[in-house]
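In this text the structure is predicted, and so the values were computed from the model without any measurement. Worth knowing before you read on, the calculation uses all heavy atoms, side chains too, and leaves out hydrogens, waters and symmetry mates. Reminder, nothing fancy here: chain letters follow the sequence lines and each chain counts from 1.
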Amino acid sequence: MSELPKTFEPGAIEQRWYAHWEQAGLFRPERGQETPWTIVMPPPNVTGSLHIGHALDITLQDVLTRHARMQGKDALWVVGTDHAGIATQMVVERQLDLEQKKRTDFTREQFVERVWAWKAESGGAITGQLRRLGASCDWANERFTMDEGFSRAVTQVFVELYKRGLAFRDKRLVNWDPKFQSAISDLEVDNREVSGHMWHFKYPLAGGRTYTYVERDDDGKVLFEEERDYISIATTRPETMLGDGAVAVHPDDERYRPIVGCFCEIPVGPKAHRRLIPIITDTYPDPHFGSGAVKITGAHDLNDYGVAQRNGIPMYRLMDGRARMRDDGPSYAQSSERAKAIAHGEPASAADVDALNLVPEAYRGLDRYEARSRVVADIAAEDLMIKVEDKQVMQPFGDRSNVVIEPMLTDQWYVDAGTLVKPVIEATRSDAIKIVPETWSKTWFNWLENIQPWCVSRQLWWGHRIPAWFDDNGNVFVAQSEDEARREAGDRPLRQDEDVLDTWFSSALWPFATLGWPEATEELKRHYPNDVLISGFDILFFWDARMAMMGEELTRQAPWKTLYLHGLVRDAHGQKMSKSKGNTVDPLGLIDQYGADALRFTLAAMESQGRDIKLDEKRVEGYRNFATKLWNAARFLQMNGVGASTSIAAPPAELPVNRWIIGEVVATLARLDKAFADLRFDDMADAIYHFTWGTFCDWYVELVKGAFDPETLAVAAWAFDQILVMLHPFMPFVTEELWGAMPRDGEQRPYELIVARWPAPEATADQAAKAEIGSLVAVIAEARAMRAELTIPWSATLTPHVIGGDAAMIGRLTANAATLARMAKLALPVAAGAIPDGSAQIAVEGVTIAFPLDDAIDLDAERSRLSKSIAAAHKDRDGLAARLANPAFTERAKPEAVDKARADHAERAAEAERLETALARLG
RNA sequence: GGGCGCGUAGCUCAGUGGUAGAGCACUGUGUUCACACCGCAGGGGUCGCAAGUUCAAUCCUUGCCGCGCCCACCA
């Protein structure tokens, strides 16, 4: 046994213990026969470094994992990293930037190789950081979403989905990210409000036709009337006019009835070849918004796309992958004439979308914003602009690229989310998936019920290449391998789809693919479905929902029984942390300064369900102090010969103080077990914190000080062991260190704390001991308060006079004389009939105890002290009396409530009376 | 526009249909042989506002005020 230093220094012991646990295989002991328990860690990006959000997420998972392990379960915490397609490709491209190179300077193979090299070099950073937090995950089976087995699973899933008709290829409008030149999913788009404009233009009617435009109010009264030769169109995106296929008005809109079916002219481009488009009706336009007439640009607007599809309106792609106006294909004149013919009924072909280029030569190659201002200027020059308004508009941004997303008509792979989601909804309804806190289920359902097909193809190089091959005629063959595809295709030349899968497609398989799926491995059988998933609500849709979908489709089971959602970690002012605001808190810095235990405890203690965490460093400091307090308690016990407990069960005890602390341990354990069952991390932390500091250190240790008889040695050892066990999931390092520092009879412990047994509540609370110690504690507390308020010097020993000679009280005070002398500076008690003159008094459990103070007493101070107590007693007494006087209360309230009020009233009244007597005695 | 959440002590947060709790901060005090990263004692809240339900509301209902988040295709 080495003597503990006075102050707890976390740094050294953290490293030592973590290495030991990992090397000794203690994160995953062989427990093939025990109840399995499983959780998977959300795989952090290989590019990533640990941020405070991870710290919270990991802490909660580790608390549960360590708890399960201590319960003797076969606890498995799956760990690994995510290849993070876009994010990683971005990082490597940025590196190339520094070398003044581009991705396209390399072949795809060379580039991907480079990413692997980079991953090998720096991919371990995040896993080292997870270790510093103390994460007790199963490193021996660490996975990567692009490792061989996992990739095979990904391929197989895609093939299966395709065969079941749940993955399909389609040309639709997608969110196109011009920076990455890739499609992204709906979820990866951030809609933000920005300042923009709304332009109102005249679309002249074909052939110089005119009509009477009449504006009426709700009662049909004519407000305004004029002859017009145009229709007024409002748009926030003039550059897309070039691709208009029609103008739509509401079928009930009387104003435009005369011209429905007529053609109007798009007022841009060389006059000779201006396009004419029909005026059609659709219920989409809102007659009360703008002019009530909407231009329909199916290839560049999500709403218009729907209208165009419904009405068979042609769509024309105007931009290239970088969102510049197209500079390919036939001339404007050629394209325009063909488009005109189509508008007038000539059959269109599907290829027209891309084959025609309706961008006038003057705009070709321009950036979309440049094109916009040119279009506006040109229209204004012709005097066809009615007005321009400033307007806040919602604009879609790529969540990673931060550039404005362009809706584009392209061929992509989709997953039929609408079908996949059905069993998930069912599972949640039937409680096969339990969402905690429950309040999130509404959001969950709302999203699931309104889900759209999920675009899963990405035009990137880094990721799982889509297992689809095309022949020269565009036929597609989806197969596990090229050989297989070739067999299906019958020896035609094939080329593989260039695209990769959305990263979330693969991470959605994490709960089962990490366990060996599609093989029916023993691990999979035992550890799937997982017991619980812990995740931030920010990835509820990205990851959680997709895991549920994939799990249900491929394993016919929900991937986990419980879905626990925690909040975000914010700074001390409630601001969202972000690098750009510079208010991020580095968890590693906090670990350096206060220790991993303190940070973990803080995060657990602040995790109350359904609320974000405002992280205040003072709080971390406070829990560092808590660790030190525990450390010093251990030192003290050690000095007094307390070692490891010789038994797991509570030792036999006669002394009330020992019987009492055993009962308190049991009560604390019950609180903790309840909190674990409810996933209330804040309650867990509160229970163990208050027991350790407020009960064990402040009272038990003080009460037994100087009296370490064999029984007390045994009970103290046991109780302290229970603290270490119960605290270990939260503060693994300091508890493991202290566990090792408390050997018995010079012998080391037979096993580490990390694999010690969670206590079973075998002992029961002893009510008599609880009452006895409760009373003793009350005497000490009252006496100390009295001394403090009367400023009685510590040097003065007081003699308690028990008024009325209450035998039980006298017995108690006598039995605990040494303790009372030490903790409250009291002498042996004496029985007294009446309160001696010049006494200060306290009341404990209905017994008045007087302390004659000779001349030392400050009568005024005592008077004011008593008066304050009397006032408080009166207030309570009178309030209760008033309630009891109300017949409505006594008749209608629950009998228990009435009884309690009566009892409280009697007690407070008696106390008031005693205090009044005491005050009177003072004269 | 729809949905969710929050407003309780100076700060950060728990909480309950029967007149409120914790940590930190604050005040006083203490060098008692574990710990000043400590001990002891103490001050501090009409539980956002209003109405309703109830014998009783901080807790339930409704409305309002303030704050935050998520979702959404109004050109």
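- A straight line from NZ of Lys614(A) to C1' of rC11(B) spans 10 Å, rounded to a whole angstrom.
- Scanning atom types as modelled, one donor and one acceptor separated by under 3.5 angstrom connect the side chain of Arg624(A) and the base of rC37(B).
- With Tyr594(A) as the aromatic partner, Arg624(A) does not meet the cation-pi criteria of under 6.0 angstrom to the ring centre and within 45 degrees of the ring axis.
- The distance between atom CZ of Arg671(A) and atom P of rG15(B), rounded to the nearest whole Å, is 12 Å.
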Output one line per pair: protein atom, nucleotide atom from nucleotides 72-75 of chain B, and distance, for all N/O pairs under 3.5 Å.
unit_1: rC73(B); atom_1: O4'; unit_2: Asn303(A); atom_2: OD1; d: 3.4
unit_1: rC73(B); atom_1: O2'; unit_2: Asn303(A); atom_2: OD1; d: 3.1
unit_1: rC73(B); atom_1: O2'; unit_2: Asn303(A); atom_2: ND2; d: 2.4
unit_1: rC73(B); atom_1: N1; unit_2: Asn303(A); atom_2: OD1; d: 2.7
unit_1: rC73(B); atom_1: O2; unit_2: Asn303(A); atom_2: OD1; d: 2.3
unit_1: rC74(B); atom_1: N3; unit_2: Asp286(A); atom_2: OD2; d: 3.3
unit_1: rA75(B); atom_1: OP2; unit_2: Lys391(A); atom_2: NZ; d: 3.1
unit_1: rA75(B); atom_1: O2'; unit_2: Ala234(A); atom_2: O; d: 2.8
unit_1: rA75(B); atom_1: N6; unit_2: Asp286(A); atom_2: O; d: 2.7
unit_1: rA75(B); atom_1: N6; unit_2: Phe289(A); atom_2: O; d: 2.4
unit_1: rA75(B); atom_1: N1; unit_2: Asp286(A); atom_2: N; d: 2.9

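- Rounded to whole Å, the C1' atom of rC26(B) lies 8 Å from the corresponding atom of rG10(B).
- Residue whose closest nucleotide on RNA chain B sits further toward the 5' end, between Asp682(A) and Asp190(A): Asp682(A).
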side-chain hydrogen bond (donor to acceptor under 3.5 Å, both in side chains) between Arg635(A) and Asn632(A), worked out: CA-CA 5 Å; Arg635(A) 285 178 64 221; Asn632(A) 279 298; 2.7 Å; yes

Worked check of side-chain hydrogen bond (donor to acceptor under 3.5 Å, both in side chains) between Tyr203(A) and Asp244(A): CA-CA 11 Å; Tyr203(A) 277 39; Asp244(A) 287 355; 2.7 Å; yes

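- For the pair Asp612(A) CG and rG5(B) C1', the computed distance is 9 Å after rounding to whole Å.
- Between Arg680(A) and rG15(B), a side-chain N or O to OP1/OP2 separation shorter than 4.0 Å is present.
- Salt bridge Lys900(A)/Asp904(A): present, at least one basic N to carboxylate O contact under 4.0 Å.
- The side chain of Lys629(A) places an N or O atom within less than 4.0 Å of a non-bridging phosphate oxygen (OP1 or OP2) of rG39(B).
- One C1' atom belongs to rG21(B), the other to rA14(B), and the distance between them is 7 Å to the nearest Å.
- For the residue pair Tyr564(A) and Gln609(A), no side-chain donor N or O sits within less than 3.5 Å of a side-chain acceptor on the partner.
- Side-chain N/O atoms of Arg883(A) include one lying less than 4.0 angstrom from OP1 or OP2 on rU19(B).
- One finds a side-chain N or O of Asn625(A) lying less than 4.0 angstrom from the OP1 or OP2 phosphate oxygen of rC38(B).
- Rounded to the nearest Å, the gap between the C1' atom of rG5(B) and that of rG42(B) is 37 Å.
- Side-chain N/O atoms of Thr439(A) include none lying less than 4.0 angstrom from OP1 or OP2 on rC4(B).
- Across rC4(B) and rC40(B), the matching C1' atoms stand 46 Å from one another, rounded to whole Å.
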Full working for salt bridge (Lys or Arg N to Asp or Glu O under 4.0 Å) between Arg255(A) and Asp253(A): CA-CA 6 Å; Arg255(A) 296 171 296 178; Asp253(A) 195 335; 2.7 Å; yes

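- The cationic group of Lys705(A) lies under 6.0 Å from the six-membered ring centre of Phe636(A) and within 45° of the ring axis, placing it in a cation-pi geometry.
- Contacts of residues 599-608 of chain A with RNA chain B (heavy atom under 4.0 Å): Met606(A), Ser608(A).
- The CD1-P distance, from Ile792(A) to rU29(B), rounds to 16 Å in whole Å.
- Among the protein residues, Lys825(A) comes within range of no part of the nucleic acid, since none of its heavy atoms lies under 4.0 Å from any strand.
- Here rG21(B) sits opposite rC13(B) as a Watson-Crick or G-U wobble pair (both hydrogen-bonding atom distances under 3.5 Å).
- Of all nucleotides present, only rC65(B) satisfies the Watson-Crick or G-U wobble test against rG7(B), with each distance under 3.5 Å.
- As judged by a 4.0 angstrom heavy-atom cut-off over every strand, Lys894(A) is placed among the base-contacting residues.
- In this structure, a donor-acceptor pair under 3.5 Å is present between the side chains of Glu406(A) and His300(A).
- Here the separation of rU12(B) from rG68(B), taken at their P atoms, is 15 Å to the nearest Å.
- Residue-level contact check: Ala893(A) touches the bases, meaning some heavy atom is under 4.0 Å from a base atom.
- Here rA34(B) presents its C1' atom at 14 Å from CD1 of Ile723(A), a figure rounded to the nearest Å.
- Distance from the side chain of Lys618(A) is smallest for rA25(B) among the nucleotides rA25(B), rA34(B), rG18(B).
- Distance CE (Met639(A)) to P (rC35(B)): 6 Å, rounded to an integer number of Å.
- Between the C1' atoms of rC6(B) and rC47(B), the separation comes to 14 Å (whole Å).
- In this structure, Phe696(A) atom CZ and rC35(B) atom P are separated by 16 Å, rounded to whole Å.
- Here the separation of rC35(B) from rU31(B), taken at their C1' atoms, is 13 Å to the nearest Å.
- In this structure, Phe537(A) and Thr628(A) both approach RNA chain B, and ranking their closest nucleotides by distance from the 5' end singles out Thr628(A).
- Ion pairing of Asp682(A) with Arg680(A) is present here, as a side-chain N (NZ or NE/NH1/NH2) and a carboxylate O approach within less than 4.0 Å.
- Residues satisfying the ring pair (Phe, Tyr, Trp, His ring centres under 6.0 Å) criterion with Trp631(A), sequence neighbours excluded, are Phe8(A).
- Using a 4.0 Å heavy-atom distance criterion, Gly622(A) is classed as making no nucleic acid contact.
- Residue Tyr689(A) contributes atom OH, which lies 14 Å from atom C1' of rU12(B) at whole-angstrom precision.
- In this structure, rA75(B) makes no Watson-Crick or G-U wobble pair, since no nucleotide meets both defining distances under 3.5 angstrom.
- Pair assignment for rG44(B) gives none, since no Watson-Crick or G-U wobble pairing has each distance under 3.5 Å.
- Remark: Arg611(A) is in phosphate contact with rG7(B), judged by side-chain N or O atoms under 4.0 Å from OP1 or OP2.
- At least one side-chain nitrogen or oxygen of Trp693(A) sits closer than 4.0 Å to the OP1 or OP2 atom of rG39(B).
- Base pairing of rU29(B) is made with rG39(B), judged by Watson-Crick or G-U wobble geometry with both donor-acceptor distances under 3.5 Å.
- The base of rA34(B) sits with one of its N or O atoms less than 3.5 Å from a complementary donor or acceptor on the side chain of Glu702(A).
- For Lys629(A) and Thr692(A), the side-chain atoms include no donor-acceptor pair closer than 3.5 Å.
- Counting only heavy atoms from C-beta outward, the side chains of Val393(A) and Glu193(A) never approach each other to under 4.5 Å.
- With contacts defined as side-chain heavy-atom distances shorter than 4.5 Å, the pair Gln395(A)/Arg192(A) does not qualify.
- For the C1' atoms, the distance linking rA50(B) with rG7(B) amounts to 16 Å, nearest Å.
- Base pairing of rG52(B): its partner is rC60(B), meeting the Watson-Crick or G-U wobble criterion (both donor-acceptor distances under 3.5 Å).
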